[in-house]
Number of protein chains: 2
Amino acid sequence: MSKAGANTHATRALVELRERILTGEFGVGMRLYEVPVAEQLKISRTPVRDAFGRLAEEGLLDRLPGGGYAVRTFSVEDVIDAIELRGVLEGMAARLAAERGPDPHKLETMQKIVIAIDGCFSGEDVNIGRYSELNSDFHEALAGLAGSRTIQREIERATKLPFASPAAFLPENARYFPQTHSFRSAQEQHRALVVAIEAREGTRADAIAREHARIARHNLEYVLGEDVNFDQPLPGLALIVN
Amino acid sequence: MSKAGANTHATRALVELRERILTGEFGVGMRLYEVPVAEQLKISRTPVRDAFGRLAEEGLLDRLPGGGYAVRTFSVEDVIDAIELRGVLEGMAARLAAERGPDPHKLETMQKIVIAIDGCFSGEDVNIGRYSELNSDFHEALAGLAGSRTIQREIERATKLPFASPAAFLPENARYFPQTHSFRSAQEQHRALVVAIEAREGTRADAIAREHARIARHNLEYVLGEDVNFDQPLPGLALIVN
DNA sequence: ATCATCTTCTATGTATACATTGGGATGAAA
DNA sequence: TTTCATCCCAATGTATACATAGAAGATGAT
């Protein structure tokens, strides 16, 4: 057979190209040609083609009508809708979990994550790195809580776009936020979401999850509005035009 | 360059394999090997690999951990969730259109489609073939009504699974329905949806779209429950196990 | 008999040569 | 100058030979 997907040239090309696209190393909308990319990566066209196809699947490349690929560009509206979409999908996951009754073990895991996030706060300070990590765990657990392969798969897909993921605009080194207040209200939403699901309140769970995703939208608008300085550029921000 | 995607071996392999998968020619869960498939199609492995990748993207094939692909199998719950997902996405499209104000021209197009569907009814009879076609048009228009590339793309993706599409369980030759009543109530939902969007009633539009998708679920349960005879097998039904 | 290791074979990963097509450059004619 | 036809080339499509890893089976020792 072959490797589990690791150690192959195709996989390394996928990772490498994803990185370069997200950092904006290729210009927005720039067409990518197999031959020069293969030369750059010192591999043949075959694994490059493979990687291109997967990047198109992820939504980072566009398939051009006549064949070939180009770096996809996102308008601000595209990003806003992608965030809204995540909210809707997570809302669906939360509602289904509530309606069908969540797996008690998985729900307990989520409760533990919430408690762990509480530990990120001390006075006015927030351990943003740890918060970001646990926040991702929370959202991953939410996606699987309803036990629906279909919805889990779809959430995974939708959050592959870096600015649509729950961790978007929450980089480890984020110190650009004017106040740490938003982290606390986000955590209150985490708590309320778990309570609603446990109480089988599907509609409320749906609404909370949607509103929760709006935090990302708020952060996006803040990042785009102010002239914020980043220690390192936010991944994918380079793909947003205007 | 090369062709726009037509006339290539890869494209023909994609179409051919999709057809064979949906008709259940390959057993459910059956692993597909590049070499024998390539020999069957009388082409080389290269376009077959390409087609496999795209079919995995569509959700018809699973990528196996160690490499390779297998025909994906769907449980009844998977199908129900896929239908529910379509309802949620179409609900989002309807809500966004209502909230943001739909393109008047597109809305007018939808109104015309609704009127055209009215023409499918005469007394107790329903022109199912024409209904099915116009119904697809309606849902396609709905996906684009909000003017959101993101949501349109996602709806297209979700409805690529044949049993999740609005036309599922509505084959041209469908005469297995016990009553034509359901077509009329579906049409009432079409009408109400357009009215709600026009009146900027986002929540109502969302609710109607979700409920509308439930018709497909109802039909699915009918098809699975009774021992219905089909003139030709419903596409994709062969992939549903249990 | 059981386990470990080695071999072998199979299926995918990769490189590369060749095919093909679409577009752009080039040139001639109006 | 404009327009049309032709040619050429660049980029992707395709075939195929070879590489490689993983699994299954064979072989041997204990």
Side-chain angles (χ1 to χ4, degrees), chain A residues 1-21 25-73, chain B residues 1-21 25-73:
Chain A
M1 309 258 186
S2 68
K3 346 353 125 48
N7 299 339
T8 67
H9 286 167
T11 303
R12 278 186 279 124
L14 174 64
V15 172
E16 177 69 24
L17 289 174
R18 187 192 288 132
E19 171 78 13
R20 293 196 190 184
I21 291 168
E25 181 168 331
F26 305 118
V28 291
M30 178 178 166
R31 177 164 178 184
L32 296 186
Y33 297 98
E34 295 175 0
V35 175
V37 168
E39 284 170 357
Q40 270 198 325
L41 299 180
K42 296 192 175 69
I43 56 180
S44 76
R45 282 174 54 210
T46 309
V48 172
R49 279 175 73 80
D50 196 289
F52 280 1
R54 301 217 183 200
L55 289 167
E57 185 178 342
E58 285 185 22
L60 292 181
L61 293 181
D62 267 329
R63 279 187 238 268
L64 300 180
Y69 298 84
V71 176
R72 190 161 162 215
T73 66
Chain B
M1 308 257 185
S2 69
K3 5 271 152 88
N7 298 340
T8 67
H9 285 168
T11 303
R12 279 186 278 123
L14 175 64
V15 172
E16 178 69 24
L17 290 174
R18 186 192 289 130
E19 170 78 13
R20 294 196 189 184
I21 291 168
E25 182 167 329
F26 305 118
V28 291
M30 178 178 168
R31 178 166 178 183
L32 295 186
Y33 297 98
E34 294 175 1
V35 175
V37 168
E39 284 169 358
Q40 269 198 324
L41 300 179
K42 296 193 176 70
I43 55 180
S44 76
R45 281 174 55 209
T46 309
V48 171
R49 280 174 74 79
D50 196 289
F52 280 2
R54 302 215 184 202
L55 288 167
E57 185 178 341
E58 285 185 22
L60 292 181
L61 292 182
D62 267 329
R63 279 187 237 269
L64 300 180
Y69 298 84
V71 176
R72 193 164 160 212
T73 66

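Lettering follows sequence order; numbering is per chain, from 1.
A heavy atom lying under 4.0 Å from DNA chain D marks the following residues of residues 43-50 of chain B, by number: Ile43(B), Ser44(B), Arg45(B), Thr46(B), Pro47(B).
Look at CZ on Arg31(A): it is 14 Å from P on dA10(D), rounded to the nearest Å. Taking atom CZ of Phe52(A) as the reference point, atom P of dG13(D) lies 11 Å away to the nearest angstrom. Atom OH in Tyr33(B) sits roughly 13 Å away from atom C1' in dC9(C) (whole-Å rounding). Per the geometry, CD belonging to Glu34(B) stands 12 Å off P belonging to dT14(C), to the nearest Å. The distance between atom CG of Asn7(A) and atom P of dA19(D), rounded to the nearest whole Å, is 19 Å. The distance from atom CG of Leu64(B) to atom P of dA11(C) is 13 Å, rounded to the nearest whole Å. One can place CZ of Arg63(A) at 15 Å from C1' of dG13(D), the figure rounded to the nearest angstrom. The CD atom of Glu39(A) sits 13 Å away from the P atom of dA10(D) (whole-angstrom rounding).
We find the NE2-OG1 distance between His9(B) and Thr46(B) to be 11.5 Å, quoted to the nearest 0.5 Å. Atom CD of residue Glu16(B) and atom CD1 of residue Ile43(B) lie 9.5 Å apart, to the nearest 0.5 angstrom.
In terms of phosphate contacts, His9(B) brings no side-chain nitrogen or oxygen within less than 4.0 Å of OP1 or OP2 of dA19(C).
Under the rule for a ring pair (Phe, Tyr, Trp, His ring centres under 6.0 Å), Phe26(B) has no partner lying at least two apart in sequence or in another chain.
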For residues 47-56 of chain B, please give each side-chain donor-acceptor pair under 3.5 Å, one per line with the distance, not counting sequence neighbours.
{"unit_1": "Arg49(B)", "atom_1": "NH1", "unit_2": "Glu34(B)", "atom_2": "OE2", "d": "2.9"}
{"unit_1": "Asp50(B)", "atom_1": "OD1", "unit_2": "Arg54(B)", "atom_2": "NE", "d": "3.2"}

